Amino acid sequence: MQRTNQPSIALTEDLYKSFAKNQALQASANQPQTSVAQANSTTPPQSAMTGWLGFATTANKNGAFLPLLPVNADAQVALFSDAWDRVKPGTSLVGIAGGIKQEVKFRRSQEELFGCDNNKTKMATFTAAKRFAEGPVWLLPANLAKEAKSLTFQALNLSEVPTSVLPVNKRKPSVARAWKAGGAIVVVQKQSKDQVRLSILINSRIAYNALEKKSYMQGGDPGPVEFPNFDGTPGIPFPIGAFQANAKSAPMIVFWQPSYEGQAYSVVASVKGKMQKVDENAIYFCAF
């Protein structure tokens, strides 16, 4: 996992210890690594996932529903990374999000404003003919983008969730919430006061399970994880995007997982038929 070089984020120890400074998630994920062919034999950036995960920028900070979205009037996509310094401006990729698939061109690698108090974070920014919908943007080389598409998350009635992951007696909005995107179902259910279980089903079969815990900080909210409106709860993942490489592939799911002083995201995708985390990043945002 890559952690942007900023002041320390107040994360609980169990969440923080999974963040490796200035590294992509371990390549042991065996996800096909991708790179952009560069002029002048420059070293290309690499990713442990297929392609790269960026975020649509917003021109107005008051309009963003998601704090992860950088405010930038001159770029349409931003990628939190310090690995693009040697990439030639104008390098072309394809951006996919919200039903839109369009060419994006690398603009620059530079520290950009992010968060409060004029805080800056290293980003690779891209231009596009039009802005993407607010949320994550999947960036791919053109040869990998032909069949790729974004998927729309829709709220799923708990009665439609298979009992293998959500028993009948737990089908209550006060303890569970579910979404569907293509052939994927995401379920978050309360396990205790501060712990939830995240489950991903592919074609109605459980493909991924993880226990996630609310993080605490002195002066913060000591209360439990509140369902159904737990989005924005420190340490608790919330689905914000889904993509699919082709009609036969399992969807790739993107989660937002904020902390008290930072913003974080993770990506769960299929690797050799098994759903696992292939990318994650934590970025300093604002002092608590």
Side-chain angles (χ1 to χ4, degrees), residues 8-19 55 58 61-69 115-116 133-136 152-181 184-201 206-242 253-268 277 280-288:
S8 61
I9 299 176
L11 294 167
T12 54
E13 182 179 355
D14 57 335
L15 181 61
Y16 179 83
K17 67 184 179 182
S18 67
F19 294 160
F55 290 88
T58 175
K61 65 180 180 180
N62 295 320
F65 84 98
L66 183 66
L68 263 172
L69 303 185
C116 63
E134 294 183 347
T152 302
F153 265 117
Q154 296 180 331
L156 185 66
N157 192 300
L158 296 179
S159 64
E160 299 180 61
V161 178
T163 55
S164 59
V165 69
L166 189 65
V168 175
N169 64 344
K170 291 188 177 181
R171 294 184 177 187
K172 304 173 184 178
S174 58
V175 295
R177 193 169 173 183
W179 302 260
K180 183 177 178 64
I185 293 176
V186 175
V187 181
V188 178
Q189 55 180 307
K190 195 169 188 177
Q191 299 292 290
S192 64
K193 172 186 174 181
D194 58 2
Q195 195 171 64
V196 303
R197 178 179 295 279
L198 168 65
S199 302
I200 299 176
L201 295 86
I206 299 175
Y208 180 86
N209 266 316
L211 289 175
E212 304 286 354
K213 189 175 182 180
K214 178 182 177 181
S215 56
Y216 291 96
M217 183 176 180
Q218 186 174 4
D221 178 13
V225 179
E226 295 287 353
F227 277 75
N229 300 317
F230 61 84
D231 44 311
T233 301
I236 303 300
F238 187 87
I240 57 172
I253 313 297
V254 182
F255 295 92
W256 170 42
Q257 195 165 355
S259 70
Y260 279 97
E261 294 188 334
Q263 302 298 328
Y265 67 84
S266 60
V267 182
V268 177
K277 194 175 290 186
E280 57 184 358
N281 197 357
I283 311 100
Y284 178 79
F285 189 76
C286 193
F288 178 64

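These numbers come from the heavy atoms of this one structure, side chains and all, not from hydrogens, waters or symmetry mates. The first residue in the sequence is number 1, and the count goes up from there. Model, not experiment: these values are computed from the prediction.
- In plain terms, the two heavy atoms of Ala264 and Ala282 that are nearest each other are CB-CA, 4.0 Å.
- For the atom pair OH of Tyr284 and OG of Ser259, the computed distance is 10.0 Å after rounding to the nearest 0.5 Å.
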Could you go through the side chain to side chain contact (heavy atoms under 4.5 Å, CB included) check for Phe255 and Ile200 one step at a time? CA-CA 12 Å; Phe255 295 92; Ile200 299 176; 4.0 Å; yes
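- Nearest heavy-atom pair across Tyr216 and Gly223 is OH-O, 3.4 Å.
- Pairing each heavy atom of Ser199 with each of Asn209, the nearest pair is OG-OD1, 2.5 Å.
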Side-chain donor-acceptor distances from residues 186-198 under 3.5 Å, at least two apart:
{"residue": "Gln189", "atom": "NE2", "partner": "Val165", "partner atom": "O", "Å": "2.7"}
{"residue": "Lys190", "atom": "NZ", "partner": "Val225", "partner atom": "O", "Å": "3.1"}
{"residue": "Ser192", "atom": "OG", "partner": "Gln195", "partner atom": "N", "Å": "3.4"}

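- Here the straight-line distance linking atom CG of Leu201 with atom NZ of Lys180 works out to 9.5 Å at 0.5 Å rounding.
- When all heavy atoms of Arg171 and Leu166 are compared, the pair lying nearest together is NE-O, 3.3 Å.
- Remark: the Glu212 side chain and the Gln257 side chain contain an N/O donor-acceptor pair separated by less than 3.5 Å.
- The heavy-atom pair separating Pro258 from Ile236 by the smallest distance is CD-O, 4.1 Å.
- Taken to the nearest 0.5 Å, the CG atom of Leu69 stands 9.5 Å off from the CD atom of Gln263.
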Side chain to side chain contact (heavy atoms under 4.5 Å, CB included) evaluation trace for Tyr208 with Lys277: CA-CA 9 Å; Tyr208 180 86; Lys277 194 175 290 186; 3.9 Å; yes
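- Under the 4.5 Å side-chain criterion, counting only non-hydrogen atoms from C-beta, Tyr265 is in contact with Ile283.
- Looking at every heavy atom in both residues, Phe227 comes nearest to Arg177 through CE2-N, 4.0 Å.
- Asp221 has its side chain out of reach of Glu226: every pair of non-hydrogen atoms, C-beta onward, lies at least 4.5 Å apart.
- Tested against Trp256 for a side-chain contact (heavy atoms from CB on, under 4.5 Å), the candidates Pro67, Ser266, Pro237, Pro239 yield a single pass: Pro67.
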